[in-house]
Amino acid sequence: MPDDLRARAATFGLTLEEFDDVVRKVGRQPNALEAAMFGALWSEHCGYKNSKPLLRRLPTAGPQVVQGPGENAGVVDIGEGWAVAFKMESHNHPSAVEPVQGAATGVGGILRDIFAMGARPFATLNALRFGELDQERNRYLLGGVVHGIAMYGNAIGVPTVGGEVEVNPCFAENPLVNVMALGLLRHDELQKGTVGLPGNRLFYVGSKTGRDGLGGAVFASADLSGSSSSDRPAVQVGDPFMEKLLLEACLEAYAAGLVAGVQDMGAAGLTSSVGEMAHRAGLGVDLHVDKVPTREAGMTPLEIMLSESQERMVVSAAPGKEAELLALLAKWELDAVEVATVAGHGRFKVFEHGELKADIPVAALNEPPEYVRGGVEDPRVRAARGRDLSAIPDVADPAAALLTLLASPTVASKRPIYRQFDHQVMTNTVVVPGAADAAVMRVKGTSLGVAATVDCNSRYVYLDPELGAAHAVAEAARNLSCVGALPLAVTDNLNFGNPTNPGVYYQLERAVAGLARACLALDTPVIGGNVSLYNEYAAPEGRRAIHPTPTVGMVGVMQDVDRRATAGFKRRGDAVLLVGRAAGTLGASEYLYRVHGLEAGAPPPIDLVEEAKVQAVVRGLIADGLCDTAHDTSQGGLAVALAEMALAGSAGAAGLRADLGAGAGAAELLFGEAGARVVLALAEDAVAEAMARCEAVGIQGRVIGTVEGETFELTAAGTSLVLGSEALRTAYEGTFAVALGAQGA
Amino acid sequence: MVAYPLEMRVAIVTFPGSNCDTDAVHAFEAVLGASVWTTWHTSDDLSRAGRAPDAVVIPGGFSYGDYLRCGALAARSPVMGAVRAFAAAGGPVIGICNGFQVLTEARLLPGQLVRNAELEFRCQDVHLRVERADLPFTRLARVGQVLRLPIAHAEGRYHADAATLDRLRGDGRVVFRYVDAAGEATQAANVNGSVDAIAGIVNERGNVLGMMPHPERAVEALLGDGREDGRVVLGSILNA
């Protein structure tokens, strides 16, 4: 009944207007399968209907870009014929329901995007957000997510090399799990997500299709057979062994020239993968749904077309190579079945036992409506930003405040987390987790190093979306510069609330503007990403959005991986040099939040011209062998940055005496936050050269202390603090050891 | 760096799910200069071009996903028949991490590897004390030498019954123990809770070694914290 179907449009994830649009584009009433296919590809997850008009504002081009947005992952040139494919994706909602499998399948999904590009995955990073760790459920989610990432990454043999964690009550109900993966390839090994040419055969490869994850992109209940709905697990289950086989088989098949196009089956499964591959080629497909290997009998075409079972790929065989491809896949003991033929008709036709079940234009399926909404800032946020902070008294006990900040989950050592991740497999990891601001992997057979980081200060973005998002880009670039790598490109993961809420749309629109401004200024185009909307939680006044979190994943390159820097002090007697502006501000700071319980004030202003200069000077000093110790100052300001450098110090280089000057309150000098500044430690005889380089480009450089003694001693505005290394270590190492129930920190 | 004779030939056994095989290839071939090839699990022949290898490596990873007991399925694959014959003829065989698990499941080594005492995967550096320096795997070491090597496992806690342990100790078949940096076998240093802090053992003949730590990850100063102690183990094999 067509009229019934329209009335049930919402069950397909379509509004009434969208349903009518489908009718116009198909030229008739769609059946349930067709409506569900549209609903899936027109969902935000697949179609970006709310975000696409905004995402167009992001810079995506540059001489370093090999592949921009629109493919399974972006690809950037790193020189000497090598390229890096990378992308970040979220698995927030599955992780909230079942943290182990939710996070595990998040890793699996993003890895498939990478090897679908022809690249061998060689590192992952993760950006995680949870509620406060004094609550048992949040600790359970943290432990489960960490276990899930470890389970999948360790088993498939791709090192987990870095990440970040933020903790805030707004993430309790809706944790964020963003995983970034990087893959290495030669330029001529690039694969595309295309069906190829008319007549090509499409093969289904990998796990059988089940009812798991059905309609993860949008759930459609219109055509389910009897018991399926109640049996349907909410979250897919990951099988890293199957994915390891898929990975090796795909790479072997590409190398043998057996593949014309390839894509993984992610959200919306067969519908999105085959639909997108056909669309990129401007062609159509005849797909025979009865040929798809299924895990259980009686699955309907709708269930098969929308299943999100994991570890599945669609491969378009190179013409004439079909038998060879099947033989290769058989060697890897993979299910491989021809399920479709590429046709010139430009339609997505689905057959079951020869009977036509769906017949829709590929272009219409892939061209969802776009919505430009009006955003209005939430007055509560404006009030929090504008709050007068002058009434807050200066810090009374700086040592206690520093220990509080070192124990803050955002700052504290993540060792109890990353020691559960195999971060060394593949023997490329030069800078390991916890050692520096970014991970560094060597490229075997070259002197190149690839650096990667993930960053976002969601409190900054909450209090000022444009500025906060710009800070996320600047900090990511600074982290790469602090190991000595030139920032190249960005993948972004936009985690926001419900876009139909004007306050949320305002955040989204302004955050994208901030990303665009900073990416342009720092020459780091956005070459891929992911959007996760509808992240919210129950508050007394109703549903509220999480802190907006546009996670920035950034990749950089260093020409000589032997010339690099890490954060820990290395030699007693080294001078400690602050490059960039001296004083931070307390607005939106970790200090205000952890010591005064306030999320208020404006984030620090940002000067992207100065930022670029500071970073260039730091990279130059590292590349020229003048400096091997660098650390960016982020949450917790200079005092926390210096303490982290002492904590990571080599034997005999863990003491510090530093004077942070005067001219502001002690709290601002010690714990104030700012961009465009980096702390270096370098030999006395390199100081003059470093200062000269700062002066030459018009930025400030100032010696603030010396690596010496056994204790950690800071002076600021006449106040001083002295702490032993044991006190620092206890504060820094305890938080996650306790939260994860680990023994022996 | 020591130059090893190019004619040293190393076969690296690979199962579906092996993931340290390419690391072992890189360490033996690119770093240490041996002639290296991989042998797929379905093969019952370890040789290449008609020539047998001088040593066989069973690398780390998650063979067959380790969904049954770790190493249990791999131990029953065709290639293990060839490994058994190679070992019976006196050829040196080293099983690393999952490879150690495969060797115990194949009963080429006694005991078994069970879940770490802390029940979690651990990836970190550990210190090992060399207990035997007269083996094909330790001839470049001296007894009592402390090596720093990485571990990466969730099931590396060595376990054996009392009689087996007595035999291992009596015959001097414990090759490596977890110790602290000073070489002392403290409880804190026993990272996975192994019985008697055992990190590596050999068979009676002394030509089959299983060890949980990864020497192949520690042959280049560039990686991690600049440790190269894995050269002691891999170099010993090539220096036969």
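The model shown is predicted, which means the values in this text are computed figures rather than measured ones. Quick note on labels: first sequence line is chain A, next is B, and so on, each numbered from 1.
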Discussion item. Given heavy-atom pairs under 4.5 angstrom as the criterion, report whether the side chain, backbone, both or neither of B/Asp125 touches chain A.
Written reply: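 Contact with chain A involves the side chain of B/Asp125 alone.
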
Discussion item. Counting only non-hydrogen atoms closer than 4.5 Å, does B/Thr42 touch chain A with its backbone (N, CA, C, O), its side chain (CB onward), both, or neither?
Written reply: neither

Worksheet item: For A/Trp332, what residues pass the ring pair (Phe, Tyr, Trp, His ring centres under 6.0 Å) criterion, not counting sequence neighbours?
Response: B/Trp40

Discussion item. Within residues 61-70 of chain B, which residues come under 4.5 Å of chain A, heavy atom to heavy atom?
Written reply: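 Residues B/Phe62, B/Tyr64, B/Gly65, B/Tyr67 are the ones that qualify, each having a heavy atom under 4.5 Å from chain A.
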
Worksheet item: Which region of A/Lys331, side chain (C-beta onward) or backbone (N, CA, C, O), has a non-hydrogen atom less than 4.5 Å from a non-hydrogen atom of chain B, or is it both or neither?
Response: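 Both parts, backbone and side chain.
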
Discussion item. For A/Glu248, which atoms come within 4.5 Å of any heavy atom of chain B: side chain, backbone, both, or neither?
Written reply: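 No part of it gets close to chain B.
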
Worksheet item: Roughly how far apart are A/Arg419 CZ and B/Ile151 CD1, rounded to 0.5 Å?
Response: 9.5 Å

Practice prompt. Quick one: do B/Asp23 and A/Gln424 satisfy side-chain contact (heavy atoms from CB on, under 4.5 Å)? Show the steps, please.
Written response: CA-CA 10 Å; B/Asp23 298 354; A/Gln424 301 177 325; over 6 Å; no

Practice prompt. List the steps and the verdict of side-chain contact (heavy atoms from CB on, under 4.5 Å) for A/Asn428 and B/His26.
Written response: CA-CA 11 Å; A/Asn428 295 319; B/His26 176 76; over 6 Å; no

Side-chain heavy-atom pair [X], [Y] within 4.5 angstrom cut-off:
X        : Y        : answer
A/Phe241 : B/Pro16  : yes
A/Arg564 : B/Leu222 : yes
B/His214 : A/Val425 : no

Exercise answer: donor-acceptor pairs, residues 154-163 of chain A side-chain atoms, under 3.5 Å, sequence neighbours excluded:
{"residue": "A/Asn154", "atom": "OD1", "partner": "A/Asp422", "partner atom": "N", "Å": "2.7"}
{"residue": "A/Asn154", "atom": "ND2", "partner": "A/Ala150", "partner atom": "O", "Å": "3.2"}
{"residue": "A/Asn154", "atom": "ND2", "partner": "A/Gln420", "partner atom": "O", "Å": "3.0"}
{"residue": "A/Thr160", "atom": "OG1", "partner": "A/Thr124", "partner atom": "OG1", "Å": "3.4"}

Worksheet entry | Smallest separation among heavy atoms of B/Glu216 and A/Thr427, with atom names | O-CG2, 4.0 Å

Item to complete: May I ask you to name which of A/Val561, A/Leu245, A/Asp239, A/Asp562 has the most heavy-atom pairs under 4.5 Å with chain B?
Response: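 When all of A/Val561, A/Leu245, A/Asp239, A/Asp562 are compared, A/Asp239 has the most.
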
Worksheet item: Taking only residues at least two apart or on different chains, which pairs with a member in residues 25-45 of chain B satisfy salt bridge (Lys or Arg N to Asp or Glu O under 4.0 Å)?
Response: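 Sorted pair list comes back empty.
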
